[in-house]
Amino acid sequence: MSKPMNILYLHTHDSGRYFQPYGHAVPTPNLMRLAEQSTLFRNAHCAGPTCSPSRAALLTGMSPHSCGMLGLAHRGFAMADYSRHLSAYLSGQGYHTALSGIQHEAPDVSMLGYQSLIGDDDFHMDRIDLDGESLDRGNAAAVADFLRGYRGEVPLFLSFGMFNTHRNYPDHRGKVNPDYVMPAFVLADTPENRDDMAAHIYSASIVDDCVGVVLEALEQSGLAENTLVLFTTDHGIAMPFMKCSLYDTGTGVALMLRYPGNPTAGRVTDALVSQVDVFPTLCQLCGLEPPEWLEGVSLVPVLNHGTAQVRRELFSEVSYHAAYEPMRCVRTQTHKLIRRYDYHLGCVPANIDASPAKDMLLENGLLERRTSRELLFDLRLDPLERVNLIDDAGYAAVYDDLSQRLFRWMRDTDDPLLRYEHRIPRPPEAIVNPLEQSDPQCGIFEE
């Protein structure tokens with residue numbers, strides 16, 4: 001190639017893997033078409049199942065605590081060094097960088113250094129009063145116009161972030177019939193949950209429409225023949241036991257890569273993948289020298305062979321979301337260890353987004369339930385992560401191995417949980433809810 005590939009980064013809010021290419025009854029034909037042209041990763045995970053930590057990890061190739069993003073950007077948290085953001089790095093490599101829609105890595109978009117800002121000029125992060133449908137459709141049209149008109153002599157990095165499938169969901173009445181919808185499998189099959197899932201499905205259809213508009217424009221522009229398309233999301237969907245949890249329902253994400261000459265296009269892989277692996281993969285595919293701070297590994301061996309494995313384990317974490325809930329996990333292909341580090345072993349309701357499912361759980365005693373400080377799962381026998389084996393002597397060797405791996409990672413990445421003896425201080429300006437508060441929006445925060 002005469003110049004490095006363009007990179008089109010398409011990303012959503014709170015989607016997990018709830019799209020048609022992952023086998024769910026969520027009709028998304030444009031994403032299905034993209035999947036059939038891509039390598040689709042069936043076992044990809046975020047590095048932190050909350051918005052800003054996840055995105056910052058993907059876009060720096062570092063764990064959330066390594067890049068400094070311990071909480072939400074719109075609540076007063078920030079990365080330690082924004083020169084390590086993918087946009088800044090690619091700018092230094094001669095790329096023209098452009099952003100449309102959602103970013104959630106910085107409290108102010110100017111900190112990210114994008115050279116072009118496309119469409120809506122708010123570049124907000126997490127507003128529950130937003131008309132997300134109008135925003136995303138308008139930005140998709142603006143991105144399409146930008147692509148059709150791009151005549152740059154340098155390669156392009158374009159990030160298009162969609163608000164959907166974040167709450168509040170758009171009005172789905174008359175568009176998705178909840179009578180024929182199944183809620184996410186961790187939730188009860190009730191009329192309220194079916195209706196809520198119907199709204200999520202309609203929200204996902206908006207994502208699909210927007211992806212279709214942008215990819216059509218990419219083809220019309222003539223740029224597609226030298227463009228890598230990355231589609232992913234930040235973490236699991238905004239329902240209990242998903243977003244902000246270290247179960248696979250929280251960390252599991254959609255991830256698809258399409259690029260010219262991909263030998264595994266149209267195939268899926270079960271390779272264990274972390275989103276911190278995306279940055280080094282882009283570097284290798286685009287012929288760029290990877291920066292020294294990267295913690296991930298390139299997925300090119302997986303892309304070349306499909307069945308290759310490039311990592312023995314991956315890690316994910318939560319520190320701050322609406323409230324402080326420090327957790328870390330290590331996951332292999334066969335087992336997972338989740339460890340909680342705070343004194344509190346109950347539900348933290350502020351860290352569960354408002355939903356009918358949350359209301360039902362709270363009404364039926366969720367706050368009285370306690371969890372274990374450590375959770376050990378055999379993912380071969382228990383892929384739903386229901387049976388805690390922490391006290392099973394038959395798994396003592398597995399526990400010791402995972403515990404050592406987790407400690408080494410925390411030590412080698414200078415995890416502040418070790419430095420501060422499990423009580424990471426929040427930034428003075430950060431907004432943090434008390435543990436017992438149910439509604440994170442009600443305005444009562446820790447001093």
Side-chain angles (χ1 to χ4, degrees), residues 14 16 45-57 62-72 75 77 186 234-236 238-253 274-276 313-332 335-353 366-367 369-377 379 385-386 388-390 399 402-411 413-426 430 432-436 440 446:
D14 301 5
H45 297 262
C46 67
T50 63
C51 304
S52 299
S54 169
R55 293 164 184 269
M62 307 169 72
S63 64
H65 66 258
S66 295
C67 69
M69 187 57 82
L70 294 168
L72 300 174
R75 281 176 162 245
F77 291 86
V186 295
D234 46 9
H235 46 66
M239 295 182 186
F241 314 118
M242 304 184 84
K243 179 179 179 178
C244 200
S245 87
L246 292 177
Y247 299 117
D248 277 8
T249 47
T251 65
V253 292
S274 170
Q275 283 186 332
V276 298
E313 76 278 298
L314 56 77
F315 305 91
S316 196
E317 66 183 83
V318 174
S319 294
Y320 287 91
H321 189 52
Y324 184 56
E325 191 176 9
M327 300 179 282
R328 302 290 186 264
C329 83
V330 54
R331 188 199 194 281
T332 67
H335 296 89
K336 180 189 285 186
L337 174 65
I338 300 174
R339 182 173 290 156
R340 303 175 71 90
Y341 289 86
D342 203 8
Y343 65 89
H344 181 71
L345 294 179
C347 169
V348 181
N351 286 344
I352 304 174
D353 283 19
L366 181 64
L367 295 182
R369 297 184 65 180
R370 292 293 177 266
T371 188
S372 299
R373 186 166 299 281
E374 294 181 304
L375 302 171
L376 177 64
F377 301 113
L379 301 174
E385 300 170 295
R386 290 177 172 174
N388 185 11
L389 300 168
I390 200 68
Y399 169 78
L402 294 182
S403 186
Q404 290 172 25
R405 295 195 208 192
L406 184 60
F407 173 76
R408 284 195 297 268
W409 171 71
M410 294 174 70
R411 179 198 63 197
T413 56
D414 193 23
D415 193 325
L417 271 179
L418 298 181
R419 282 189 280 121
Y420 290 106
E421 297 182 347
H422 307 170
R423 296 294 298 176
I424 304 173
R426 64 178 176 85
V432 178
N433 295 79
L435 288 175
E436 66 279 4
E446 291 184 347

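- Within 6.0 Å of atom CZ in Arg370, more than 12 heavy atoms from other residues, nucleotides or ligands are found, so the atom counts as buried in its surroundings.
- Residues Ile424 and Leu417 have side chains in contact (heavy-atom distance under 4.5 Å, counting atoms from C-beta outward).
- Residues satisfying the ring pair (Phe, Tyr, Trp, His ring centres under 6.0 Å) criterion with His45, sequence neighbours excluded, are absent altogether.
- Remark: Arg369 CZ is loosely packed, at most 12 non-hydrogen atoms of other residues, nucleotides or ligands lying under 6.0 Å away.
- In terms of heavy atoms, Pro434 sits closest to Ala323 at O-CB, 4.1 Å.
- Contact of the Leu337 side chain with the His335 side chain is not registered, since no non-hydrogen atoms from C-beta on lie closer than 4.5 Å.
- The shortest heavy-atom contact between Ser63 and Glu317 is CB-OE1, 3.7 Å.
- The minimum heavy-atom distance between Val253 and Gln275, with the atom names listed, is CG2-NE2, 3.6 Å.
- By the side-chain contact (heavy atoms from CB on, under 4.5 Å) test, Gln404 is found to be paired with Asp400, Arg408, residues two or more places apart in sequence or in another chain being considered.
- The aromatic rings of Tyr247 and Phe377 sit tilted relative to each other, their planes meeting at an angle between 30° and 60°.
- Residues Arg373 and Leu345 form a side-chain contact, since some pair of their non-hydrogen atoms from C-beta on lies under 4.5 Å apart.
- Proximity of Trp409 to Val330: side-chain heavy atoms (C-beta onward) are nowhere separated by under 4.5 Å.
- Side-chain atoms of Cys244 and Val348, non-hydrogen and from C-beta on, never get closer than 4.5 Å to each other.
- Between Arg75 and Pro440 the shortest heavy-atom distance is NH2-O, 3.1 Å.
- Listed here is the closest heavy atom pair of Leu376 and Asn388: N-OD1, 2.9 Å.
- Side-chain contact between Cys46 and Asp234 is absent, with no heavy-atom pair separated by less than 4.5 Å.
- The shortest non-hydrogen separation linking Val432 to Arg426 is CG2-CD, 3.4 Å.
- Between Tyr341 and His422, the two ring planes are perpendicular [angle over 60°; tilted spans 30° to 60°].
- In this structure the side chain of Cys51 reaches within 4.5 angstrom of the side chain of Leu72, judged on heavy atoms.
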**Item:** Evaluation steps, side chain to side chain contact (heavy atoms under 4.5 Å, CB included), between Ser319 and Phe77
**Value:** CA-CA 11 Å; Ser319 294; Phe77 291 86; over 6 Å; no
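- Looking at Arg331 and Leu379, their side chains come closer than 4.5 Å, going by heavy atoms from C-beta outward.
- If you run side chain to side chain contact (heavy atoms under 4.5 Å, CB included) between Thr50 and each of Ser54, Ser52, Pro53, only Pro53 comes through.
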